[in-house]
Protein chains: 2
Amino acid sequence: MSSIKDVAKLAGVSVATVSRVLNDKGYVGQSTREKVEKAIKELNYKPNEIARSLFKKQSNTIGLIVPDIMNPFFPELARAVEDMATKLGYNVILCNSDENREKEQAYLDVLKQNYVNGIIVSSNTLTAEQIGELNIPIVSIDREISKGLPTIVVENKKGAIIATRFLKNKGCKRIGHIRGTYGVVNAEERCEGYTDVVAEEPWFRKSYIVNGNYDMESSVEATRELLCLHPEIDGIFAANDIMAMGAIKAAYQLGKKVPEELAIIGFDGITISTIMTPELTTIAQPIYEMGELATTILVSLMEQQSIEKTYYTLDIELIERKST
Amino acid sequence: MSSIKDVAKLAGVSVATVSRVLNDKGYVGQSTREKVEKAIKELNYKPNEIARSLFKKQSNTIGLIVPDIMNPFFPELARAVEDMATKLGYNVILCNSDENREKEQAYLDVLKQNYVNGIIVSSNTLTAEQIGELNIPIVSIDREISKGLPTIVVENKKGAIIATRFLKNKGCKRIGHIRGTYGVVNAEERCEGYTDVVAEEPWFRKSYIVNGNYDMESSVEATRELLCLHPEIDGIFAANDIMAMGAIKAAYQLGKKVPEELAIIGFDGITISTIMTPELTTIAQPIYEMGELATTILVSLMEQQSIEKTYYTLDIELIERKST
DNA sequence: TTGAAAGCGTTACCAT
DNA sequence: ATGGTAACGCTTTCAA
């Protein structure tokens, strides 16, 4: 790989001059510029980003930390972040924290050591102080960390309320809930929303709520338990789509017809939920938009542009399909 | 952030000494080492990876370029690569090429400019020469680029043959094929396998093969066309699971029962294929193993360890579930 | 308008 | 056993 020195030598100028044309900064004569450009092309020279980063203390990169890359929600989000980041001239490093505090901290260190300009994170272990110490722009997505931090979330509670009410209006007499991962903010909020709606029902008991881990397996398991314990259940609100899909599967295994005997509604609106049979009814988040918005805000922060607002609560939308 | 100089100053030694204890290289006295370690802890010092990379011309990072991060196959692969890379002490940068030549080239440049130690790529536009020019270890996964290059693939043709024969043995009289993306090697191979089995059938015509793009939408579309043109079809081999899921959906829309009136088999064995209703019969690739193997091989290459073999054709496995 | 040189944070070589 | 220093490839300040 040729370096700036090679270009300078070939063009018969100093490296300073080459740097100037590279960055379009400072004065450089027309003919000199042409010479340099010719040399660059001839050598197929590409600036060394590492050296640049060392000097600038910035690497033109943003980090994206997600808790579970196997949940389609996050690839969809990642896709949006990547698209927007590319558009704005940044690269993205995708990190999978596995919902694990140590891994997350390790990635944070790595990102910092690699001079990322900013980080988008979906975390429930990170605290506001930790972020403060990091001393680099961060936006939180999908999960609120602290009211004061730049954040993109949706109205989780409201969504859960809509979902549960919807089930009720559909005629469900007994509604169960598959909770999201214990300790995750949005899981709490969605559970609260559900509870708000059913708390007053005479039939309601704590055991109508079972724990899942936002993944399929745990949901199949949880749903089976739930349905064995409460065979009278005729409606389930799952805290995300993957778990809703797991619930459908469990219902199928137990010989319950969806939606005839059991209505199921999810949360997220991931693309894949449309190809289930039956297609999944869900509370859809504007996933792509969330990713774009997070990126835009982060970049504004990084580039110190003043922005009106950094905490966004996006709206969700009930999409009725065939599982209810 | 504190630098090596700060540590040296605090410990009352030279930066060279600090570097020695950091890397456990060269002589350093016991008491000196302790002083330095104390200073490191006190300052919470973390070496600057960028500076390290600049000197070493290596960034302790491997690049992973995939064509479509929305297809669950690739997150699963990415997950395996990431796990193994972390285990071996490397970070991974995930890039989504979108099956697009320019994006791919751009990422290749970016990775190179960032001194990645090696790259794992799933590509059908990349040529052997391009890779040679890159002058950095590369392993190709999921798609063969050239026989001479380190490669992890599966027996695509054999898998396709097994799939098609299986449909035949199940009693299907007319079998159609949803092809993968045009121009992608494994799509060709899978199509060949299918053709091998049905070519001699009296009913067979070219129009039993329709084109999909390895994604859901295109497959729904293609399947509808196929079934309208050939309503007599009672078996479909889709070149990947996502398209098989699309086919199930299309069948459902057209009022065809799966598997009673139409058997459908996919290819890949992605996790999500188990939660369809009906669960998808598929030719499963050992996805996680492929990712691990690719990473192991790449790292061996990077660390110049001699390795016996670099071209791996892994075996596939027919998993019979409910869609056939 | 251009060039020389310092500096970014490391590592490794050469002295001592 | 330890320290000084050149070098990695770039940007920017200061002089000319």
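So that the names make sense, note that chain A is the first sequence line, chain B the second, and so on, each numbered from 1.
Out of D:dT12, C:dC8, D:dG9, the shortest distance to the side chain of A:S3 is found at D:dG9. Picking from C:dT11, D:dT2, D:dT11 the nucleotide with the shortest atom distance to the side chain of B:I4 gives C:dT11. The side chain of A:V28 approaches C:dT2 more closely than any other nucleotide in the set D:dG9, C:dG9, C:dT2. With C:dT1, C:dG7, C:dT11 as the candidates, the nucleotide lying closest to the side chain of A:F55 is C:dG7. Listed candidates were D:dT2, C:dT11, C:dG9. Nearest to the side chain of B:L54 is C:dG9. Side-chain atoms of B:V15 lie closest to D:dT5 of the nucleotides D:dT11, D:dT5, C:dT1.
B:R52 has a side-chain polar atom (N or O) that falls below the 4.0 Å cut-off from OP1 or OP2 of C:dT11. For D:dG9, the OP1/OP2 oxygens have a side-chain nitrogen or oxygen of B:K57 closer than 4.0 Å. Within the 4.0 Å cut-off from OP1 or OP2 of D:dC8, not a single side-chain nitrogen or oxygen of A:N48 is found. When the side-chain nitrogen and oxygen atoms of B:K25 are compared with OP1 and OP2 of C:dA12, one or more of them lie within a distance under 4.0 Å. Contact annotation: B:T32 side-chain N/O to D:dT2 OP1/OP2 distance is under 4.0 Å.
Taking atom OH on A:Y27 and atom P on D:dT11, their separation rounds to 20 Å, with Å as the unit. In this structure, CZ of A:R20 is placed 11 Å from P of C:dA4, rounded to the nearest angstrom. Rounded to whole angstrom, the span from the CZ atom of A:R33 across to the C1' atom of C:dG3 amounts to 17 Å. One interatomic measurement links the two molecules: OH of A:Y45 to P of D:dG9, which rounds to 10 Å at whole-angstrom precision. Summarising the geometry, the separation between CG on B:N114 and C1' on D:dG9 is reported as 13 Å, rounded to the nearest angstrom. Rounded to whole angstrom, the span from the CD atom of A:Q30 across to the P atom of C:dT2 amounts to 10 Å. For A:E49 and D:dT11, the CD to C1' distance is 13 Å, given to the nearest whole Å. D:dG9 atom P lies 12 Å from atom CD1 of A:I50, rounded to whole Å.
B:K309 forms a cation-pi arrangement with B:Y312, by the criterion of a distance under 6.0 Å to the ring centre and an angle within 45° of the ring axis.
Within 4.0 Å (heavy atoms only), A:S19 reaches at least one base atom of the nucleic acid. No engagement by A:S53 is indicated, since no non-hydrogen atom pair under 4.0 Å with the nucleic acid exists.
A donor atom on one side chain and an acceptor atom on the other are found under 3.5 Å apart for A:D83 and A:Y288. B:E188 and B:Y182 form no side-chain donor-acceptor contact under 3.5 Å, judged by distance and modelled atom types alone. In this model, no donor atom of one side chain and acceptor atom of the other lie less than 3.5 Å apart for B:E49 and B:S59.
Place A:K56 and B:Y115 on DNA chain D by their nearest nucleotides, and B:Y115 ends up nearer the 5' end. Nucleotides of DNA chain D nearest to A:T17 and B:A51 differ in position, and the one nearer the 5' end is that of B:A51.
Across A:N186, A:D68, A:N240, A:D268, a single residue satisfies side-chain hydrogen bond (donor to acceptor under 3.5 Å, both in side chains) together with A:Y214, and that is A:N186.
B:V110 meets the side chain to side chain contact (heavy atoms under 4.5 Å, CB included) test with A:N91, B:N114; sequence neighbours excluded.
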